[in-house]
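Written out below as structure tokens is the structure these notes cover.
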Amino acid sequence: MIDPKLVRDDPEAVRASQRARREDPDLVDAVLAADDLRRSTIAGFDRLRAEQKGLGREVAQAAGDEKAALLARTKHLSGEVKAADVAQNEAATAYDGLLRRLSNIAEPGVPEGGEEDYVVLEHVGEPPQLDFEPRDHLELGQRLGAIDTERGAKVSGARFYFLTGVGAQLQLAMLNLAMAQAIEAGFVMVVPPVLVRPEAMEGTGFLAQAAADVYHLAEEDLYLVGTSEVPLAAFHMDEVIDADRLPLRYAGWSTCFRKEAGSYGKDTRGILRVHQFDKVEMFSYCLPEDAAAEHQRLLAWEKEMLAKVEVPYRVIDVAAGDLGSSAARKYDCEAWVPTQGRYRELSSTSNCTTFQSRRLRIRVRDAEGTRPLATLNGTLATTRWIVAILENHQQADGSVRVPAALRPFLGGREVLEPVPT
RNA sequence: GGAGAGGUGGCCGAGUGGUUGAAGGCGCGGCACUGGAAAUGCCGUGUAGGGUAACUUAUCGAGGGUUCGAAUCCCUCCCUCUCCGCCA
């Protein structure tokens, strides 16, 4: 939720942000109209309620005939107060509903446009020069006895997989490497619940545009999280945090679940796009004025991790139209995938400014009082990284070189060798 | 799953139908005292809405209800604790 004052004080800025995102600018005017109605119903209710309370005080002190007369007078007021209360609540609900539909204000400098309008900020590393026909990650994974998608489909359906042997070990090694880095950087490691209440899902903004991608358990009314960003953001829901405790940095380790609705036929091979994967996610709470700098720090930590797995990648500044509703700015790191001849997203870091904290009622308290704080998130490693690691470090014989930083987490192994099937 | 006890301000904790936004304590801020500090004393201190302002409204887990009036009574739900049952 954006700052309601901004809509009132500078509606054109909000309209401009909506246009940049290719969302509806007229929503701003609907919010303004709902706000007018809301305020007038509040005035009506307040007046009646004040009168009722005043009479109530007199009733409390009166007795006998005087009391009876007062009661007669106030009896009809009761109904009016109730009606005004209903009107007030309806107007407030309508206003809130519209306000929540407004996406976060894109940060100045965000590229305009849609998915294809990102700006490449930099390239790091060179695609490997392979003097043989590269195998894709699935073929490599099968030869290594690392990835089994056929049995994944048998047991659970399409887009499910088993990580076996060195595949499972590689994932654990990578996530451990990521977590070790995060802890070294001062993050608090968190293993969060992956089933959350509607409030947590709603508060982080995932029930808006990403709703179709979210698994829901109807019987319990719980949602499976698509990222530990959700429980990490909701961790401090309804809390007031002293300014001197900020920034708070958490590194979540969790399994993530995504329906991948609308991606039928896309990336169906291997483990590039799956319903369930594991991830180490960084999450920061900081002062709003520090958010942009914190965003750069998260990006730097992502790059540090990418350097450790030695894959070539580029950093893109995601265009406004391709931002999630919560994000004011988003940088993606995309790794080179040799068999696809293109870059694929490995990590993503978003500055959600005060959008999530306002929805989740998380505030910071300093000398001036309390106010919403900023939340940011960024990926440190996911199952998908295995794709880039296998393909970029493959050798002619189908073996895969292990990046040096991962070796300590793999019992010192330098090469993953094919196994007999 | 069953039975019972609870959910009150940043925190702890009184309060069972009427000037209670809510005693008291802690914390925090200011002042006094001090060479400075601690201790002590005094004063102040929730949040969110509406209003140019004076001021006003809401808020005692959430949502309904009873009543002229609800933190307080009733219903539903959520959560916590204790005991029993069940259990990968």
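Sequence lines set the chain letters: A, B, ... in the order given, protein chains first and strands last, and positions in each chain run from 1. A quick note: this is a predicted structure, and the numbers were derived from the prediction, not measured. Values below: every heavy atom of this structure, side chains too, minus hydrogens, waters and symmetry copies.
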Please give, in whole Å, the distance from [N] [atom2] to [X] [atom1]?
| X | N | atom1 | atom2 | value |
| --- | --- | --- | --- | --- |
| A/R47 | B/rG51 | CZ | C1' | 14 Å |
| A/D238 | B/rA62 | CG | C1' | 11 Å |
| A/E51 | B/rC68 | CD | P | 16 Å |

On a whole-Å scale, what distance lies between the [atom1] atoms belonging to [N] and [M]?
| N | M | atom1 | result |
| --- | --- | --- | --- |
| B/rU20 | B/rG46 | C1' | 15 Å |
| B/rG64 | B/rA58 | P | 15 Å |
| B/rG13 | B/rG85 | P | 31 Å |
| B/rU16 | B/rG25 | C1' | 23 Å |
| B/rG69 | B/rU57 | P | 15 Å |
| B/rA23 | B/rC12 | C1' | 14 Å |
| B/rA71 | B/rG21 | P | 8 Å |
| B/rA70 | B/rU59 | C1' | 13 Å |

[N] OP1/OP2 closer than 4.0 Å to side-chain N/O of [X]:
| X | N | value |
| --- | --- | --- |
| A/R39 | B/rG49 | no |
| A/R57 | B/rG18 | no |
| A/K67 | B/rC68 | no |
| A/R363 | B/rG10 | no |
| A/T41 | B/rG50 | no |
| A/R361 | B/rU59 | no |
| A/S78 | B/rG69 | yes |

Looking at [N], which nucleotide sits across from it as a Watson-Crick or G-U wobble partner, both distances under 3.5 angstrom, or is there none?
| N | value |
| --- | --- |
| B/rG9 | none |
| B/rC81 | B/rG4 |
| B/rU76 | B/rA62 |
| B/rC42 | B/rG30 |
| B/rG17 | none |
| B/rA53 | none |

So what does [X] hit on the nucleic acid, given a heavy-atom distance under 4.0 Å: a base, only sugar-phosphate, or nothing?
| X | result |
| --- | --- |
| A/L71 | base |
| A/R8 | sugar-phosphate |
| A/Q88 | nothing |

More than 12 heavy atoms from other groups under 6.0 Å of CZ on A/R151: no

Reading RNA chain B from 5' onward, which residue's closest nucleotide shows up sooner: A/V59 or A/A50? A/V59

For the pair [X] and [Y], find out whether any cationic side-chain nitrogen is under 4.0 Å from an anionic carboxylate oxygen.
| X | Y | value |
| --- | --- | --- |
| A/E281 | A/K279 | yes |
| A/R22 | A/D117 | yes |
| A/R101 | A/E23 | no |
| A/D317 | A/R329 | yes |

Report yes or no: is the cationic atom of A/R38 (NZ for Lys, CZ for Arg) under 6.0 Å from the centre of the six-membered ring of A/Y95, at an angle within 45° of the ring normal? yes

Taking the minimum atom-to-atom distance to the side chain of [X], which one of [options] wins?
| X | options | result |
| --- | --- | --- |
| A/K53 | B/rU47, B/rA58, B/rC68 | B/rA58 |
| A/I42 | B/rC68, B/rG50, B/rG69 | B/rG50 |
| A/R38 | B/rG49, B/rU67, B/rU57 | B/rG49 |

Is there a donor and acceptor pair, one atom on the side chain of A/D46 and one on the base of B/rG49, closer than 3.5 Å? yes

Please step through side-chain hydrogen bond (donor to acceptor under 3.5 Å, both in side chains) for the pair A/R359 and A/Q356, ending with a clear verdict. CA-CA 5 Å; A/R359 289 171 158 240; A/Q356 291 178 330; over 6 Å; no

